[in-house]
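Source: prediction; values computed, not measured. Residues: numbered from 1 along the sequence shown. For ligands, and for the atoms within them, numbers begin at 1 and follow the listed sequence.
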Amino acid sequence: MSRADSKRTRRDFLRIGWTLGAGLVLPAGLHGCQQGTSYSSLPDETFVEPATLESVNGELDVTLALAYAQLPLNGKMIRVRSMNNSIPAPTLRVNAGDRLRIKVINRLPPNPVSSEPARHLRYPNSTNLHTHGLHVTPGLVSPGVYGDYVMDDPQLGIQPGETRQHEYRIGSDHPPGACWYHPHLHGSSAIQVGSGMAGALIIRGEIDRIPEIAAAVERVFMFQAPITDSNGTLESFTQVTDDPTNEPPFLVNGVRRPRLVLRSGEVQNWRFINAAIFNYLNVCLDGHALHVYGHDGNPRGDLLPIGPGNASGIVLAPGNRSSVLVKAGKPGTYLLRTLPFQIGTAAEMLSEDVLAEVVVVDEPRSMALPSGPLPVPKNLASISDDELASAGGLQRNIVMRAVFARSSANQPPDSVVHPGSEVDDWFYETGSTNLARTVFALGTASGQASTQPSFPDEFVPFQSGRALKQTVALGSVEEWTIFNMNAIRHPFHLHVNPFQVVKVNGQPVDPYWADTVALPAEGSPANPTSVTFRVRFSDFSGRFVMHCHMLAHEDMGMMQTVEVV
Ligand SMILES: [Cu+2]
């Protein structure tokens, strides 16, 4: 990224956001990824980098202040919870081996008086912080100083008026890539991330010193779909529980359909981050290949070209990231799109949308893509059968299931749900949303993943006193299969440790590293779909979580504790 970009002020950002919202005209009638069209008058670039904070001499010390912000977004004045008065929050850039310190200051007003029956939903102004993709301790690094800790009781957390100091000691062998950060208090994460409280966190390492990558202009794309009502506010959980076809559109760094200008032949380095709380992206660029070199925070070791000719674009579930190189082709205008995507049943298709406009100008700049293998950190070496067997090799079967439990508050719940006296904490009873009267839960199946597991006969949400926990031995290597008993593609996220995906629906795939994975669609209790991965529980003991990254599902209980001992 250029120095000029990093010095852009928030006023620039707001002005540009406002102008764009007022009406950017896009070529009509373009569908699917296509060849470019010619452009007669050269437009200004309306793409804006978020404010950027970079480490110096191995240190980055940041303050994130949470408060209400009033700002224009996509042509509308909104008043929402924010981090540092901006949507997105600042981009943080550090190197493998650096120390990142973040002080969270909660300047939100006291929690409102809430009559919400589910008690954990009553704290929209309390918070905490998750660094998504960082392989760091999930506990304390010293007394009163927190690592990637999210195990707060909802009624505690970082309450209004409180501060919390985090310190992340990023190992010199930490994979370089695109991570991000956002609040993670159970019951309040959807409403906070849903208004735009999230920022990019870029870790640089060996791959960034490859000459062709070092020479490329780097851009962060924070894809967010901020949710607000007609008053420009986000105050009710009901607002974050809508259906897939009625979600707000994606913005890029707070701007709807920004315009980027590249020189013909130029190579740029783009970091895609899906920071939406529900919708998927399926990204492609007209007339160009997007050369993927990293998925989530993890270098692949090569370039995987995803071009207009591929059956799908780059699929990014909420929480996923992709690092891509793009080499600008012939002069013209090309659209960066999200293609149609099946998020649930065959009828539940996300429609195509234009994310940005890429203008390639006739001022040639000859740049090359890297050739040959790219560096991969040794902690992302493939996990062999031998390593798995010699390091415990335990297999676990985890089931994600939303149980459509009852049609009215007075009806008894489904037979696989036994809330007992906890009934209020298990169900969201307000409004007629997709979440109403449904238990969002994880269950643990017995049996071996390689044979037919016996599926659980009870499903328990995270906020329950009977919530399940996985206890894992430090230093072990395990193979987990995550089953999906719903039509919708729950995105599964494991904190702290990246995993290597090896099978989808029981069939081997080219292994790849991730920290968030889209479960296949159209699962059911009788025929669940699944993803199988291998994971090294190296380096860090302590408690963290796995959960659905559709954050309203997580807030309703689709989460489970993992404790490494
Ligand atoms: Cu889900």
Side-chain angles (χ1 to χ4, degrees), residues 118 120-121 130 132 150 182 184 186-194 225 227 237-247 274-281 315-320 341-345 348 350 397-405 414 416-417 426-428 433-444 455-456 459-464 467-468 480-495 504 514-525 528-531 533 545-562:
H120 67 290
L121 298 179
H130 172 44
H132 186 136
V150 298
H182 62 83
H184 206 291
H186 181 55
S188 306
S189 63
I191 215 166
Q192 293 183 358
V193 183
I227 298 164
F237 190 69
T238 302
Q239 287 174 257
V240 296
T241 63
D242 223 324
D243 68 88
T245 53
N246 195 28
E247 288 291 300
N274 185 350
I277 64 168
F278 188 87
N279 269 356
Y280 278 67
L281 287 162
V315 172
L316 298 174
N320 275 145
F341 184 76
Q342 185 180 344
I343 196 171
T345 64
E348 289 171 313
L350 300 178
N397 300 304
I398 310 294
V399 187
M400 304 185 93
R401 184 173 180 187
V403 185
F404 303 101
D414 184 284
V416 297
V417 175
W426 285 43
F427 294 97
Y428 182 63
T433 71
N434 284 345
L435 299 203
R437 302 186 178 114
T438 299
V439 170
F440 284 81
L442 288 177
T444 305
F455 290 113
F459 292 84
V460 184
F462 183 76
Q463 64 271 19
S464 167
L468 303 168
W480 292 13
T481 299
I482 314 299
F483 292 92
N484 180 12
M485 287 194 172
N486 295 117
I488 197 153
R489 300 191 63 163
H490 297 294
F492 173 91
H493 173 41
L494 177 67
H495 285 213
V504 173
D515 58 47
T516 304
V517 62
L519 299 184
E522 303 194 82
S524 68
T529 59
S530 69
V531 166
F533 59 73
V545 289
M546 56 174 150
H547 63 92
C548 179
H549 220 291
M550 287 173 167
L551 290 181
H553 295 184
E554 183 265 288
D555 278 339
M556 280 314 300
M558 195 170 263
M559 179 153 77
Q560 200 178 111
T561 301
V562 180

Taking it one step at a time, do His547 and His130 satisfy ring pair (Phe, Tyr, Trp, His ring centres under 6.0 Å)? CA-CA 13 Å; His547 63 92; His130 172 44; 7.2 Å; no
So does [Y] get a backbone contact from the side chain of [X], meaning a donor-acceptor N/O pair under 3.5 Å?
| X | Y | result |
| --- | --- | --- |
| Tyr280 | Leu350 | no |
| His493 | Asp515 | yes |
| Asn484 | Thr529 | no |
| His120 | Asp555 | yes |
| Gln463 | Met556 | yes |

Could you please give the number of protein N/O/S atoms within less than 2.8 Å of the Cu ion (ligand 1)? 3
